[in-house]
Amino acid sequence: MGDKFQTSYKADMALFQTLWVKVWLGIFAASLIVCPYFLSQYQLGILNEISIAVIGALGLNLLIGYTGQISLGHGAFVAIGAYTTALTSAYWGLPFVVTLPLSGVMAALLGMIVGVPALRLKGLYLALGTLAFGFIVEYVLFHWDLIQGDMGMAVKRISIGGYEIRTERDHFYCLTAFAVLATLCSKNIIRSKIGRSFIAIRDRDIAAEAMGIPLAKYKVMAFGVSSFYAGIAGGLLAHYQKWIVPGSFDLSLSVTYIAMIVLGGLGTILGSVLGAVLITSIPHGIVYTTDLVKDTYPVLGSLIVDLKVGIFGLIVVLALLFEPQGLAGIYRRVKLYWKTWPFRY
Amino acid sequence: MAVVKDRPDTLLEISDLTMSFGGIMAVSQLALKVLTGEIYSIIGPNGAGKTTLFNCISGIYKARAGSIKFEGQEILGMPPHKIARLGIARAFQNIELFRGMTVLDNLMSSREHLLNYGLFSAALHFGRCSNQEEKCRDRVEDIIELLDLQKFRNTHVGALSYGIQKRVELGRALTMEPKVVLVDEPVSGMNLEETEDMARYILDINEEMRITVVLIEHDMRLVMDLSDRVAVLNFGLKIAEGRPEEIAKDPEVIRAYLGESKN
Ligand SMILES: Nc1ncnc2c1ncn2[C@@H]1O[C@H](COP(=O)(O)OP(=O)(O)O)[C@@H](O)[C@H]1O
Ligand SMILES: [Mg+2]
């Protein structure tokens with residue numbers, strides 16, 4: 001008795017608890033700030049792609065990893081965000097500070113509309129249902145005159161309060177800031193009653209209901225939040241690429257996002273980030289290796305280009321075979337190792 | 001024996017309840033009343049329909065006929081989460097904890113209906129959210145202390161022994177701040193010491209927290225020691241009801257239940 005946890009719960013509930021975590025985050029933040037001065041345009045471009053992928057992956061992990069609801073339609077919500085941004089800025093001339101939230105909200109609304117019939121579906125059936133939604137969106141993108149189908153649409157640059165973001169470096173700061181914000185919000189949602197309800201539904205839906213958690217509300221909310229993230233990713237992507245075509249939002253985009261969270265670690269925030277980094281980097285890594293060997297072994301170089309997709313798949317499959325928990329699982333093991341370091345055996 | 005009640009009201013009233021699976025009558029024409037503040041035990045051989053009865057009360061099974069009234073309100077047909085929010089908590093027979101969470105999060109998870117903040121406030125961890133979370137944590141710590149779970153606060157439930165998991169299962173029901181808790185075989189598979197601990201917890205819940213307890217249990221000593229009243233189920237029918245000492249003497253009960261437990 002008398003053993004009640006005495007220190008303030010605020011300290012125990014804080015996002016970043018130990019001094020070490022704070023120090024490392026400080027170092028990480030500092031290196032983000034200075035890195036544009038050391039990296040090439042090409043390398044910064046990769047980081048920018050990664051930031052957008054992080055946002056999308058965080059959203060999908062909330063839905064699949066935390067709530068246990070399979071979705072093969074994530075790419076479609078990214079598309080909805082991208083085209084909302086394109087349309088509202090091109091036709092209505094709305095500024096970035098309006099179009100971006102609007103892209104998120106538009107995707108979230110459609111996500112919730114998909115979420116309602118999805119209440120009756122589980123597992124593979126849910127996967128099929130969301131797949132069908134993805135195909136519908138793809139069809140509309142190709143056939144709706146307003147958005148010019150195959151031809152694609154031009155999108156203005158991001159401009160905030162009169163300042164237009166043009167360079168790769170400016171984009172880097174802007175996109176990284178959004179990725180960091182998205183990560184923090186995700187972490188906050190997960191440590192709130194909403195996150196606990198998501199996980200409860202994933203782990204034991206019947207018990208969750210018996211504990212007073214309304215399943216329908218939280219499943220629809222998971223679809224909404226996840227799609228909001230996708231919409232924001234899409235909006236940023238549209239601005240960053242300056243040009244969007246329907247073909248880039250097909251099923252393979254949804255599958256890529258699934259690969260990110262599975263490889264990174266389902267149901268972990270860190271996993272969403274690491275998975276996005278890895279999956280976005282692999283194709284660039286392949287290109288890089290090809291360039292290296294192209295002169296000495298020209299045959300090998302062209303072979304790699306031919307087998308690019310295969311190599312990509314192989315890396316994913318091997319990673320999963322050796323580490324089913326994803327990259328976050330490796331991180332957890334390393335952390336445990338260091339935690340128990342003086343006593344390790 | 002639990003507290004003496006000055007004014008026993010009916011908290012839960014079940015009448016004519018029938019639930020069948022295919023041809024099997026799991027519960028048939030059952031009637032019983034649970035009074036506010038008591039420890040009411042339900043005993044009976046395996047397959048007698050005890051867990052099915054709990055599932056009907058929780059709304060997990062939809063009974064075909066009959067009525068279940070909680071504080072005078074009909075709850076049959078209501079969705080499970082609404083029934084729970086009225087103040088009916090549940091500790092499952094087969095552990096149904098959220099395995100991806102720590103003990104603390106499991107205990108916090110059942111307070112969803114007691115926390116009143118939205119998605120926006122949660123995402124930014126605004127004052128409203130963080131204040132409420134802090135208060136919620138404070139109440140959960142009381143339950144942690146009551147059930148001696150301090151050591152396991154930050155352990156994932158999957159890593160705990162069976163006995164401790166059973167305790168967390170009970171704790172998660174209590175953090176809901178219910179009026180009645182339905183406890184299904186809390187000491188099955190436990191050793192003597194764990195059983196005695198659990199008996200003390202159930203008494204504490206009833207006497208200190210003033211929560212009505214409906215208990216399903218096979219351990220006759222536990223039932224005899226704790227209960228104010230006992231009902232006996234066999235093949236979905238209530239074959240006896242009364243004070244523990246009356247039940248122990250009832251010839252039909254001895255034949256149906258006590259006799260069987262000897263083998
Ligand atoms: N979901 C179900 N589907 C089919 N039969 C069930 C189901 N749940 C319980 N039963 C049957 O109902 C009867 C009562 O089971 P149960 O309530 O679990 O018994 P007890 O808890 O008293 O041991 C058993 O014959 C059991 O097989
Ligand atoms: Mg049972």
Side-chain angles (χ1 to χ4, degrees), chain A residues 1-15 17 62 65-68 108 181-218 221-222 224-225 228-229 266-268 332, chain B residues 55 58-60 79-86 88-90 92 95-101 104-106 108-119 121-126 129-130 132-138 141-142 144-145 148 150-151 153-154 157 169 172-173 175-176 178 182:
Chain A
M1 291 296 269
D3 215 15
K4 189 166 168 178
F5 206 61
Q6 282 303 340
T7 48
S8 135
Y9 303 125
K10 264 229 159 65
D12 195 46
M13 285 157 49
L15 205 50
Q17 296 197 356
L62 286 175
Y66 283 102
T67 321
L181 184 67
T183 310
L184 291 178
C185 287
S186 216
K187 191 97 189 154
N188 281 336
I189 290 173
I190 288 311
R191 65 182 176 141
S192 74
K193 70 165 186 173
I194 295 164
R196 290 191 295 268
S197 301
F198 284 174
I199 300 171
I201 291 170
R202 177 196 71 192
D203 286 353
R204 291 251 184 238
D205 53 353
I206 292 176
E209 258 191 309
M211 297 303 132
I213 296 170
L215 292 196
K217 174 181 160 185
Y218 281 102
M221 193 189 282
V225 176
F228 182 85
Y229 270 81
L266 286 170
T268 65
R332 259 199 300 271
Chain B
N55 281 337
S58 300
I60 294 169
H81 71 271
K82 287 206 174 134
I83 294 175
R85 282 156 175 252
L86 291 176
I88 302 181
R90 176 84 188 267
F92 290 93
I95 292 160
E96 305 269 353
L97 293 172
F98 307 127
R99 295 183 65 86
M101 293 185 196
L104 187 62
D105 281 339
N106 263 282
M108 301 272 280
S109 69
S110 58
R111 296 176 67 83
E112 194 274 339
H113 62 299
L114 299 169
L115 291 163
N116 180 27
Y117 58 79
L119 177 62
S121 163
L124 299 174
H125 205 69
F126 273 166
C129 166
S130 86
Q132 287 193 23
E133 284 285 315
E134 209 174 334
K135 283 204 194 82
C136 169
R137 173 72 189 269
D138 191 53
E141 287 294 335
D142 290 336
I144 287 181
E145 193 184 359
D148 299 314
Q150 295 91 336
K151 267 193 297 187
R153 197 185 276 116
N154 293 315
V157 290
E169 179 77 50
R172 187 182 58 174
T175 47
M176 274 185 69
L182 313 177

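Proteins get letters first, then strands, A, B, ... in listed order; numbering begins at 1 in each.
Only the backbone of B:Ile95 comes within less than 4.5 Å of a heavy atom in chain A; its side chain stays farther off. Proximity to chain A (any heavy atom under 4.5 Å) is shown, for B:Ile144, by neither the backbone nor the side chain. Heavy-atom distances place no part of A:Phe198 under 4.5 Å from chain B, backbone and side chain included. Only the side chain of A:Arg202 comes within less than 4.5 Å of a heavy atom of chain B; its backbone N, CA, C and O stay farther away. Of the two parts of B:Met101, the backbone and the side chain both hold a non-hydrogen atom closer than 4.5 Å to a non-hydrogen atom of chain A. When heavy atoms are compared at a cutoff of 4.5 Å, B:Leu86 does not approach chain A at all.
In this structure, A:Arg196 pairs ionically with B:Glu133, as a charged nitrogen and a carboxylate oxygen lie closer than 4.0 Å.
Interatomic distance, CG of B:Asn106 versus CG of A:Asp203, reported as 8.0 Å (0.5 Å rounding). Between the CG atom of B:Leu97 and the CZ atom of A:Arg204 there is a distance of 8.0 Å, given to the nearest 0.5 Å.
The main-chain N or O of A:Ser192 is never found under 3.5 Å from a side-chain atom of B:Tyr117 such that the two would form a donor-acceptor pair. A donor-acceptor contact shorter than 3.5 Å links the side chain of B:Arg85 to the backbone of A:Gly212.
Among the candidates B:Ala123, B:Ser121, B:Ala84, B:Gly59, the residue making the largest number of heavy-atom pairs closer than 4.5 Å to chain A is B:Ala123.
Contact annotation: the side chain of A:Cys185 never approaches that of B:His125 to less than 4.5 Å [non-hydrogen atoms, C-beta and beyond].
Sparse packing is recorded around CD1 of A:Ile206, with 12 or fewer heavy atoms of other residues, nucleotides or ligands lying under 6.0 Å away.
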Give the C-alpha distance, both sets of side-chain angles, the deciding distance and a yes or no for side-chain contact (heavy atoms from CB on, under 4.5 Å) between B:Arg111 and A:Lys193. CA-CA 8 Å; B:Arg111 296 176 67 83; A:Lys193 70 165 186 173; over 6 Å; no
